[in-house]
Amino acid sequence: MTDHMIDSLLSELERYYDTVPRVGGARAEDFGPLTLFVQEGGGWPYYARPALGGPEATAAAVERVLARQRELKVPEAFEWVAETSPSLRAAVEAAGLHVHAHPLMVLDPSAVPVPAHPEVRLLGADDPLLTAAVTVPTLAFAAPGTAIGEAGPAELAAAMAGPDAGARRARVSEMLASGRTGMAAAVRDGVVLCSGQYNPVGDVAEVVGVGCLPSARRQGLALGVTAALVAQALERGARTVFLSAGDEDVARVYGRIGFRRVATALIAEPPA
C-alpha cells in the first residue's frame, strides 16, 4: 500500500470516527481543535478526539476538555490516530493522562475469505443468547491478552445475573434491529464462548469488542467470530473494514485472516 493510499485511508477513518458517535446518540461539544462527544441518555460513554479538519490540539485545549469531562462526570478519555494527530500525545501526557497504543489494522481487499467456523453464528435482535453474547467481552477484557485464563461458563452465568446485563442487551438489541451493528458468537453446548460486533457507517465498518471467555482462548474462536463479522459487513456493502488490536500478539492473530497494520490507534485516560 502506497503512502498516498494510506493517507487517503486514514482520512476516511477520521470521517468515520467523527460520525459514529453522532449516529450513536452522542452530542458533540466544540473545543476548537478537539471535539467532546457526550452520550445522551443510556449507552456507552464516548470520548474526546481531534476535530475533523481542525488544527493540532494544545495542552490548554486538553485541559479545557478534561475540566468539562469532570463537570459532566464522564470518563476522562481521548482517542485518536497517532499518524493523523502526532502532537496530541504530548499534550495529553502533559495533562497527566496515560496513553495506550493499539495496532490499527485494515482488511486487505485481496484477502481470501476464511471458511466459516462451525461453532460461530450471527445473532439477531431477539436472539435468546444475546445477553450472554454482550456479557462475554466484559469478562474477556477484564483479563486482557491471549493467554488461557480462569473465567469460564460459571463466571459468565454470574455476570449475566448482574445489574448491567439487561441494559447492555437492550442497547445492542436496538442497534441490531436498526442495522447500526452486527453481532456474531461462538456457541458450544448452548454456551457463548466468544462474541464480537461490527459497526457500519456508510461503506466503512469497524470490528469491535471481539472477546473470548478466558478459559476458551487459543481455540480459533476469535478468528471465527471476526471472519463472520467481516463476511456480513462486506455482504452488506462495506468497502473498508478495520479494527484496533489489543496488542501486538492480537494483531498477529488478525493478520492470519487478512488484516494489515496501517497506523496506531491511541487511547488516553487517567493512570490506573
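Any value given below was found using the heavy atoms of this structure, including those in side chains, with hydrogens, waters and symmetry copies removed. Residues: numbered from 1 along the sequence shown.
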Co-membership, hydrophobic cluster, residues V201 and V81, 4.5 Å side-chain: yes
Verdict with supporting geometry, V250 and T146, side-chain contact (heavy atoms from CB on, under 4.5 Å): CA-CA 7 Å; V250 175; T146 61; 3.7 Å; yes
A268 to V99 - nearest heavy-atom pair and separation: CB-CG2, 4.1 Å
Side-chain heavy-atom pair M105, R260 within 4.5 angstrom cut-off: no
Shortest non-hydrogen separation from L229 to A184 and the atoms involved: CD2-N, 3.5 Å
Residue among L66, L72, V65 satisfying side-chain contact (heavy atoms from CB on, under 4.5 Å) with R68: L72
Evaluation steps, side-chain contact (heavy atoms from CB on, under 4.5 Å), between F259 and L243: CA-CA 8 Å; F259 281 90; L243 55 81; 3.6 Å; yes
same_hphob_cluster(V23, F37) at 4.5 Å side-chain heavy-atom cutoff: yes
Any side-chain heavy-atom pair of E56 and P86 under 4.5 Å: yes
Between OH on residue Y47 and OG1 on residue T35, distance to nearest 0.5 Å: 11.0 Å
Any P45 side-chain heavy atom under 4.5 Å of Q39 side chain: no
Donor-acceptor pair, side chain of T226 and main chain of A222, under 3.5 angstrom: yes
Chi angles and distances behind the salt bridge (Lys or Arg N to Asp or Glu O under 4.0 Å) call for E29, R27: CA-CA 7 Å; E29 297 192 2; R27 73 172 185 271; 2.9 Å; yes
Rounded distance (nearest 0.5 Å) linking atom CG of L122 with atom CG of D127: 10.0 Å
Under 3.5 Å: donor-acceptor pair, side chain of S85, backbone of L88: no
Verdict with reasoning, V187 to V191, per side-chain contact (heavy atoms from CB on, under 4.5 Å): CA-CA 5 Å; V187 183; V191 177; 5.9 Å; no
Side-chain donor-acceptor contact under 3.5 Å, R64 with Q69: no
H102 side-chain N/O to A245 backbone N/O, donor-acceptor pair under 3.5 Å: yes
Pair H100-E269, side-chain donor/acceptor within less than 3.5 Å: yes
CD/E40: more than 12 non-hydrogen atoms of other groups inside 6.0 Å: yes
Nearest-0.5 Å distance that lies between atom CG in L221 and atom CG in L213: 9.5 Å
Same apolar cluster (I L V M F W Y, side chains within < 4.5 Å links), Y46/V204: yes
Residues E12, R239: salt bridge by 4.0 Å N-O rule: yes
Test side chain to side chain donor-acceptor pair (under 3.5 Å) applied to Q219 and R188, step by step: CA-CA 12 Å; Q219 300 180 39; R188 184 180 300 158; 2.8 Å; yes
Pairing of R252 and E248 as salt bridge, 4.0 angstrom limit: no
Flag side-chain contact, heavy atom, 4.5 Å: D7 against E83: no
side-chain contact (heavy atoms from CB on, under 4.5 Å) partners of A165, counting only residues at least two apart: T131, T135, R168
Side-chain donor/acceptor of S173 to backbone N/O of A125, under 3.5 Å: yes
From T264 atom OG1 to L266 atom CG, the distance as rounded to the nearest 0.5 Å: 6.5 Å
I148 with V210, same ILVMFWY side-chain cluster at under 4.5 Å: no
Rounded distance (nearest 0.5 Å) linking atom CG of L234 with atom CZ of R236: 12.0 Å
Closest non-hydrogen atom pair between E79 and P50, with its separation: O-CD, 3.6 Å
Short side-chain to backbone donor-acceptor contact, D247 and D249, under 3.5 Å: yes
Presence of salt bridge, R49 and D18, under 4.0 angstrom: no
R15 side chain near L52 side chain, heavy-atom distance below 4.5 Å: yes
Close aromatic pair by centroid cut-off 6.0 Å: F242 and Y17: yes
Polar side-chain atom of S195 near backbone of A185 as donor-acceptor pair, under 3.5 Å: no
Hydrophobic cluster membership, V225 vs V114, 4.5 Å side-chain cutoff: yes
Any donor-acceptor pair under 3.5 Å from R217 side chain to A140 backbone: yes
Distance (rounded to the nearest 0.5 Å) between Y254 OH and L107 CG: 12.5 Å
Q232 versus Y198, side-chain donor and acceptor atoms under 3.5 Å: yes
Short side-chain donor-acceptor distance under 3.5 Å, T181 and N199: yes
Test log, rule side-chain contact (heavy atoms from CB on, under 4.5 Å), inputs M183 and L130: CA-CA 9 Å; M183 190 162 208; L130 188 57; 3.7 Å; yes
Nearest non-hydrogen partners of M175 and S178, listed with the distance: O-OG, 3.2 Å
Minimum-distance pair of heavy atoms, taken over all atoms of S215 and G152: OG-CA, 3.2 Å
Validation row: V136, L193 side chains within 4.5 angstrom (heavy atoms): no
L104 to A265 - nearest heavy-atom pair and separation: CB-N, 4.0 Å
